[in-house]
Peer 1: 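Provided herewith is a single structure, encoded as structure tokens, for subsequent inquiry.
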Amino acid sequence: MNVNRPRPTDNAVFGSSITGGAHEPTYSGVLSFMRRRYSRDLTGVDAAVWGIPFDASVSNRPGARFGPQGVRRASAIFDGDPQYPFLADPFEQLSVVDYGDCAFDYGKNADIPGCIEAQAREILDAGVHLFSIGGDHFVTYPLLKAHVAKHGPLALVQFDAHQDTWDDQGDRIDHGTFVGRAVREGLIDPDKSIQIGIRTHAPDDCGLEILYGEDMELIGIPGAVELIKDRVGDAKAYMTFDIDCLDPAFAPGTGTPVSGGLSSREALMILRRLGGVNFVGGDVVEVAPAYDHADITSIAGASVAQHYFGLLAEKKQATAASDQS
């Protein structure tokens, strides 16, 4: 019996292609990131979205383990349309799959960093660009280790309210220490790294440049973009976006909110203008939907990821055009 199906549904599992928009109702169907196909077949894939539902290292409110679910749910509103402000569907240029979530035993916290790193390396070793959804900010540490194994030491572009450079002798699982560890272990080059939106103090800046939250009002979007690009230069870079970089008015659903942060518009305007930065990986972390209202924070997290993929799509298009000329 033929059934009239004027609009497709469940592209996440039944879609016929890993490229293009799904054009299904935003309020129905299986929720993957922007309706991307759930798949662990990385053949022909440019980039993978991967969830890391871990929040056992938080120092304040837990709940970021639900971040991957929240961001995926919120991302449904972006599917199937030309993406603002890119004027195009990034998935017409970029083949992206939702790789699902990291697998680990929640009862063996000491083993979890190794699980994250090993599984991330499998994706990267397939030649696929990886964007991860946390989870608390500790997950960036094993993700950096996996990316550095492939690319060498990286510049870090960190949007955050916190420096995450607190003391750590290398034996902690703590979302407030990963930057200091990454510097000491040579994972990131502090002379090419920058933190944007910081609104707290830590004992050591570990050599990273800091753009404090109140600095945004003084130098504006163009000044922030110039500062980031000058700092990173032509180095390979990793972007990590802690959602608490945003003011609690724009991101209440997070573990350690701090007043005085960036607006969603400011943060997204900065991201939009970082197309010249050579990002080789990225993440958005610390979305905790239980403290959210009307998915405000999840929408912000999904928007960060959507902008990131817009930049990747533009980069692929520019590279293709250059190869043809």
Side-chain angles (χ1 to χ4, degrees), residues 12 18-19 31-40 42 44-54 64 67-76 78-79 83 86 89-91 93-102 116-117 119-137 139-151 154-160 236-243 245 267-268 270-272 274-275 277-287 298-316:
I18 58 174
T19 58
L31 292 174
S32 62
F33 176 78
M34 289 182 70
R35 305 290 189 184
R36 295 304 87 206
R37 175 88 68 79
Y38 275 117
S39 178
R40 292 192 172 166
L42 297 175
V45 171
D46 293 316
V49 181
W50 189 44
I52 309 177
F54 173 80
Q69 288 182 0
V71 171
R72 285 185 174 109
R73 180 177 65 252
S75 74
F78 298 121
D79 166 62
Q83 298 299 303
F86 296 93
D89 180 352
F91 306 124
Q93 297 290 334
L94 205 65
S95 58
V96 178
V97 298
D98 191 322
Y99 200 76
D101 284 353
C102 181
I116 296 171
E117 180 183 355
Q119 291 169 49
R121 289 183 68 163
E122 289 179 4
I123 299 170
L124 295 170
D125 287 346
V128 173
H129 194 108
L130 177 59
F131 187 87
S132 303
I133 305 171
D136 67 44
H137 217 161
V139 306
T140 300
Y141 171 68
L143 286 170
L144 281 171
K145 293 180 72 174
H147 282 80
V148 168
K150 181 176 180 63
H151 297 288
L154 300 171
L156 183 69
V157 179
Q158 177 185 354
F159 293 83
D160 209 324
K236 292 182 178 180
Y238 186 94
M239 186 203 79
T240 182
F241 197 110
D242 187 324
I243 207 68
C245 174
L268 295 175
I270 293 171
L271 277 177
R272 176 67 184 97
L274 295 184
V277 176
N278 185 17
F279 288 121
V280 297
D283 63 55
V284 60
V285 297
E286 297 283 357
V287 174
S298 293
I299 291 169
S303 299
V304 168
Q306 174 253 344
H307 274 58
Y308 188 89
F309 282 105
L311 294 178
L312 289 188
E314 286 188 335
K315 181 179 179 180
K316 182 180 179 181

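All residue numbers in this chain count up from 1 along the given sequence. All figures in this text were calculated on a predicted structure; none of them were measured in a lab.
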Peer 1: Between the side chain of Lys316 and the main-chain N/O of Gln93, is any donor-acceptor distance below 3.5 Å?
Peer 2: yes

Peer 1: Which atoms form the tightest heavy-atom contact between Val45 and Ala47, and what is the distance?
Peer 2: CG1-O, 3.2 Å

Peer 1: Is there side-chain contact between Trp50 and Leu143, with heavy atoms separated by less than 4.5 Å?
Peer 2: yes

Peer 1: For Leu124 and Val128, work out which heavy atoms get closest and say how close.
Peer 2: CD2-O, 3.6 Å

Peer 1: Are any of the side-chain nitrogens in Arg272 or Glu314 under 4.0 Å away from the carboxylate oxygens of its partner?
Peer 2: yes

Peer 1: What's the shortest heavy-atom distance between Gly135 and Pro68, and which atoms?
Peer 2: N-CD, 3.8 Å

Peer 1: For Val96 and Met34: C-alpha separation, side-chain torsions, deciding distance, then whether side-chain contact (heavy atoms from CB on, under 4.5 Å) applies.
Peer 2: CA-CA 10 Å; Val96 178; Met34 289 182 70; over 6 Å; no

Peer 1: Of all the heavy-atom pairs spanning Gly310 and Phe86, show the shortest one and how long it is.
Peer 2: C-CE2, 3.5 Å

Peer 1: Show the numbers, then the answer: is there a side-chain contact (heavy atoms from CB on, under 4.5 Å) between Val97 and Arg36?
Peer 2: CA-CA 5 Å; Val97 298; Arg36 295 304 87 206; 5.5 Å; no

Peer 1: Val304 versus Leu268: any side-chain heavy-atom pair under 4.5 Å?
Peer 2: yes

Peer 1: Would you find a donor on one side and an acceptor on the other, under 3.5 Å apart, between the side chain of Glu117 and the backbone of Pro142?
Peer 2: no

Peer 1: Taking Asp46 for the side chain and Ser95 for the main chain, is one N or O donor matched with an acceptor at less than 3.5 Å?
Peer 2: yes

Peer 1: Quick one: do Asp98 and Arg72 satisfy side-chain contact (heavy atoms from CB on, under 4.5 Å)? Show the steps, please.
Peer 2: CA-CA 10 Å; Asp98 191 322; Arg72 285 185 174 109; 2.8 Å; yes

Peer 1: If we ignore hydrogens and angles and just use 3.5 Å, is the side chain of Asp136 paired with the main-chain N or O of Ala64 as donor and acceptor?
Peer 2: no

Peer 1: Report yes if some heavy atom in the side chain of Phe131 is under 4.5 Å from a heavy atom in the side chain of Leu312; otherwise report no.
Peer 2: no

Peer 1: Please find out if less than 6.0 Å separates the ring center of Phe309 from that of Phe78.
Peer 2: no

Peer 1: Can you measure from OH (Tyr99) to CZ (Arg37) and round to the nearest 0.5 angstrom?
Peer 2: 15.0 Å

Peer 1: Less than 4.5 Å apart, side chain to side chain, heavy atoms only: is that true for Tyr308 and Val284?
Peer 2: no

Peer 1: Does any non-hydrogen side-chain atom of Tyr238 lie less than 4.5 Å from one of Thr140?
Peer 2: yes

Peer 1: Minimum heavy-atom separation for Arg73 to Ser298, with atom names?
Peer 2: NH2-OG, 4.2 Å

Peer 1: Roughly how far apart are Phe54 CZ and Asp101 CG, rounded to 0.5 Å?
Peer 2: 14.0 Å

Peer 1: Specify the closest pair of heavy atoms between Leu154 and Ala237, including all atoms of both residues, with the distance to one decimal.
Peer 2: CD2-N, 4.4 Å

Peer 1: If you define the side chain from C-beta out and look only at heavy atoms, does anything of Asp160 sit under 4.5 Å from His137?
Peer 2: yes

Peer 1: If you define the side chain from C-beta out and look only at heavy atoms, does anything of Gln83 sit under 4.5 Å from Phe91?
Peer 2: no

Peer 1: So, taking the atom named NZ in Lys315 and the one named CG in Asn278, what distance separates them when rounded to the nearest 0.5 Å?
Peer 2: 4.0 Å

Peer 1: Heavy-atom distance under 4.5 Å between the side chains of His147 and Leu130, does that happen here?
Peer 2: yes

